Amino acid sequence: MSDLVRKEMIEPILSTGASSRADADVAARFKAGDAVIARNLNPHGHTRLPRYVRGRRGTVERDHGVFVFPDTLVAGAGTKPQHVYSVRFSARELWGPDSPEKDALYIDMFDDYLDPA
Amino acid sequence: MNSIADLGGMDGLGPINPEKGEPVFHAEWERRTMGLTLLAIMQGHFNVDQIRHAIERMDPVEYLGSEYYSHWLHGTEELLIQNGVVTRAELEAKRAVLAGES
């Protein structure tokens with residue numbers, strides 16, 4: 001635990017949003033263009049994998065780089081740095097055939113949330 | 001967890017309606033809550049993911065019926081209690097004094 005918090009430490013944190021980017025050389029399991037399926041994980045602890053996307057098929061749009069993993073961080077089980085991807089899911093995939101054909105949702109997902117399709 | 005905070009896809013909540021000219025803080029207690037939470041994180045009492053999870057564990061009715069910074073305050077209190085920095089009895093006793101109840 002650090003001791004003193006000084007006033008000049010505050011503004012940089014508020015303006016940058018205290019990034020959770022990690023400086024770790026971790027291999028990416030996926031790349032832009034890959035077809036993926038969101039895992040059906042229902043942990044009792046913390047996750048950032050929302051229910052509406054689990055088991056759904058999408059396409060990796062972009063690799064954002066490496067970040068610390070909230071699921072393990074909350075459990076005190078380490079930072080487990082890993083790649084985070086922007087994944088595109090069509091509206092029809094998520095909400096059914098009545099959805100507009102051209103609509104899509106892009107959601108940022110950790111490597112551990114995905115399987116290859 | 002499959003918590004109340006995971007609202008994506010749920011109907012009935014109405015459109016997102018941003019307040020025009022919304023102030024950064026609606027009241028002084030919101031400003032203090034942000035400062036308290038930020039300080040607690042900077043001093044290493046918990047991390048931002050842990051406070052998110054503490055908010056996820058709120059009673060669902062209380063979660064939906066309370067303000068954004070109420071969620072932060074709840075999370076900060078629960079984590080400081082969980083970590084043994086303060087007890088629930090101490091917080092309640094102080095609250096009662098400040099409210100003029102004792």
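Note that the structure is predicted; figures quoted are calculated from it, not measured. Letters go in sequence order (proteins before strands), and every chain restarts at 1. FYI, side chains are in, hydrogens and waters are out, and symmetry mates aren't considered; it's all heavy atoms of this structure.
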Where do [X] and [Y] come nearest, in terms of heavy atoms and distance?
{"X": "B:Asn2", "Y": "A:Arg54", "value": "OD1-NH1, 2.7 Å"}
{"X": "B:His53", "Y": "A:His44", "value": "CE1-O, 4.0 Å"}
{"X": "A:Pro70", "Y": "B:Asp49", "value": "CB-OD1, 3.2 Å"}
{"X": "B:Met42", "Y": "A:Val5", "value": "CE-CG1, 3.5 Å"}

Can you run down the salt bridge (charged side-chain N to carboxylate O under 4.0 Å, His left out) pairs that involve residues 65-87 of chain A, sequence neighbours left out, and say none if there aren't any?
A:Lys80-A:Asp112
Rounded to the nearest 0.5 Å, what separates atom NE2 in A:His46 from atom CD1 in B:Ile51?
11.5 Å
Step through the shown structure and confirm whether more than 12 heavy atoms of other residues, nucleotides or ligands are within 6.0 Å of [atom1] on [X].
{"X": "B:Arg31", "atom1": "CZ", "answer": "no"}
{"X": "B:Arg88", "atom1": "CZ", "answer": "no"}
{"X": "B:Glu90", "atom1": "CD", "answer": "yes"}

Is it the side chain or the backbone of B:Asp6 that comes within 4.5 Å of chain A heavy atoms, both, or neither?
both
Hydrophobic clusters here meaning ILVMFWY residues chained together by side-chain heavy-atom distances under 4.5 Å, can you tell me if A:Leu73 and A:Val66 are in one?
no
Taking a hydrophobic cluster as the set of Ile, Leu, Val, Met, Phe, Trp and Tyr residues connected by side-chain heavy atoms closer than 4.5 Å, whether directly or through intermediates, do A:Val68 and A:Phe110 fall within one such cluster?
no
What residue, out of B:Met10, B:Glu56, B:Met34, has the most heavy-atom pairs lying under 4.5 Å from chain A?
B:Glu56
